[in-house]
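Data first, discussion second: the structure below is written as structure tokens.
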Number of protein chains: 2
Amino acid sequence: MIKPLPTRERLIDIAGDIFGREGFKAATVRKIAEEANANIAAVNYHFRDKEGLYRAVLEDIFSKAFQRFPSVPPPEAAADPEKRLHFFIRAMFYRFLSREGWGGLSGQGKLIAREFLNPTPAFDNIVETYIRPQKNILSAIVSDVSGGKLDPDRIISCAVSIIGQCIYYTFAAPIIEKIAENLAPVEENLDFLSDHVFRFSLGGIQRIVNTLHENNGFARQEAQP
Amino acid sequence: MIKPLPTRERLIDIAGDIFGREGFKAATVRKIAEEANANIAAVNYHFRDKEGLYRAVLEDIFSKAFQRFPSVPPPEAAADPEKRLHFFIRAMFYRFLSREGWGGLSGQGKLIAREFLNPTPAFDNIVETYIRPQKNILSAIVSDVSGGKLDPDRIISCAVSIIGQCIYYTFAAPIIEKIAENLAPVEENLDFLSDHVFRFSLGGIQRIVNTLHENNGFARQEAQP
DNA sequence: ATATGAATAAAACATTTGTTTGAAACAGTC
DNA sequence: GACTGTTTCAAACAAATGTTTTATTCATAT
């Protein structure tokens with residue numbers, strides 16, 4: 001027998017989905033309340049106002065997903081750098097796209113993408129609590145994978161390249177589905193995708209290391225109309 | 001002496017910025033009209049309704065940027081595959097982030113990002129007219145760079161990895177600025193960024209080619225809680 | 001100069017939407 | 001069983017917003 005969630009929790013779940021799909025402004029409390037089988041006034045009662053609900057959703061989304069899919073393997077599995085990189089990438093894909101992550105109630109992944117685009121004040125906390133630590137973890141991994149040969153700027157560049165690939169799949173899923181059906185970032189493809197991004201990134205990092213001596217002015221040789 | 005733009009054009013310019021910054025729903029025709037020094041009714045007069053204005057903005061944004069920054073070098077510069085890849089990546093960065101591209105009136109880049117997240121019906125045209133050809137151009141380049149060794153699925157995967165990196169910089173600019181100040185995707189960094197993504201991607205493609213024999217089940221060896 | 005059609009302007013209209021209110025239902029405690 | 005604090009509910013409110021209407025101005029060709 002499944003115990004029904006209390007109103008407050010139902011609101012947070014549904015709101016995560018609707019806010020994600022439609023954006024903060026376009027999502028209406030009426031629709032959220034209706035789909036959660038709650039009264040319109042419930043939002044104001046439990047969360048003071050629409051923005052309060054949004055804040056609660058944001059916190060809920062991040063805390064759950066990072067608990068379910070941490071970025072670092074358990075300490076006893078003291079993995080070598082490449083394995084750690086692979087683990088990190090796969091965790092990211094599952095967090096973003098799996099049913100148990102933000103893909104299941106599939107508005108939530110989009111909600112985060114929206115925050116990246118236009119961070120609301122409510123996101124400041126999240127950046128410090130969740131995102132910055134991720135940056136540090138990944139930077140350490142990249143540094144190790146490169147054998148300590150990269151300077152901080154290049155480490156970050158590589159980290160952004162890696163995260164960019166992962167997030168792009170979430171973010172652009174609707175378009176990717178349109179023009180490359182086979183690769184749609186759905187549950188069954190997550191292992192394939194993680195594996196691809198892992199290999200691609202490994203090659204990328206190594207190439208950056210190997211071409212460290214080349215100056216960065218290469219670009220300027222070519223004509224750009 | 002600079003001739004002032006007619007109302008219709010002013011509306012499109014301003015609307016591109018405001019739609020991008022705030023999203024379709026949150027952007028109000030009142031604000032758009034006011035900032036364009038036009039009457040509220042001008043939107044309905046020139047574009048029938050708010051959505052008509054949006055459609056006009058979308059078409060305007062894409063046609064201008066692909067004209068200004070094409071993805072393919074002029075034919076007389078029959079470049080080798082790697083140069084073409086570099087050219088493609090740099091065009092993409094400049095299109096998205098330069099002042100002359102969508103970064104100048106800086107809401108426009110965001111507007112496109114929003115369309116990726118939640119394509120509106122108006123975007124169908126754009127996908128077919130602009131995006132799908134881009135996919136084909138890049139696929140051909142990747143295929144050539146790999147020496148023709150990659151199957152279609154892997155070619156697309158690599159193409160998505162490349163585009164993902166470029167778009168992520170646009171898309172996540174606000175966050176990147178927060179946690180990695182040096183790399184902010186601003187005008188002065190575009191060459192550095194293009195160069196980085198170019199090298200990283202070249203290494204990525206080559207690694208995918210070199211590890212073609214490895215099965216894709218690697219991921220499944222590791223534990224995921 | 002005048003007639004004609006396009007463009008602009010101000011005001012009004014009809015909805016939508018976040019929030020508030022006050023009463024009713026409910027749960028637990030003395 | 002009465003009391004108290006919490007939660008739910010329906011109705012009403014006030015602000016905002018896309019659109020329409022009607023009148024006026026502007027440009028141009030006859």
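Sequence lines set the chain letters: A, B, ... in the order given, protein chains first and strands last, and positions in each chain run from 1. Values below: all heavy atoms of this structure, side chains included; hydrogens, waters and symmetry mates excluded.
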Whether B:F69 and B:Y94 hold their rings parallel, tilted or perpendicular, with breakpoints at 30° and 60°: tilted
Hits for side chain to side chain donor-acceptor pair (under 3.5 Å) against B:Y130, two or more places apart or cross-chain, chain-then-number order -> B:E59
- Would you say B:R199's side chain and A:G204's backbone share a donor-acceptor pair under 3.5 angstrom? no
| said: Could you check whether A:Q165 and B:S161, counting side-chain N and O atoms only, form a donor-acceptor pair closer than 3.5 Å? | reply: yes
task: Give a yes or no on whether a salt bridge exists between B:K31 and B:E22, defined as a side-chain N under 4.0 angstrom from a carboxylate O.
output: yes
Centre of B:F66's six-membered ring, under 6.0 Å away, within 45 degrees of the axis: is that where NZ or CZ of B:R95 sits?
-> yes
Please verify the inter-ring angle class for B:F192 with B:H196; under 30° counts as parallel, over 60° as perpendicular, anything in between as tilted. parallel
From CD of A:E34 across to P of D:dT8 the rounded distance in Å is 17 Å
Each nucleotide of nucleotides 7-19 of chain C classed B (base within 4.0 Å of a protein heavy atom), S (only sugar-phosphate) or -, in 5' to 3' order, makes BBBB-B----BBB
Double-helix bend of the helix from C:dA1-D:dT30 to C:dC30-D:dG1, axes at both ends from 5 pairs, round to 10°, gives 0°
### Task
Tell me, with the steps shown, if B:F62 and B:W102 meet ring pair (Phe, Tyr, Trp, His ring centres under 6.0 Å).
CA-CA 9 Å; B:F62 273 85; B:W102 300 324; 5.4 Å; yes
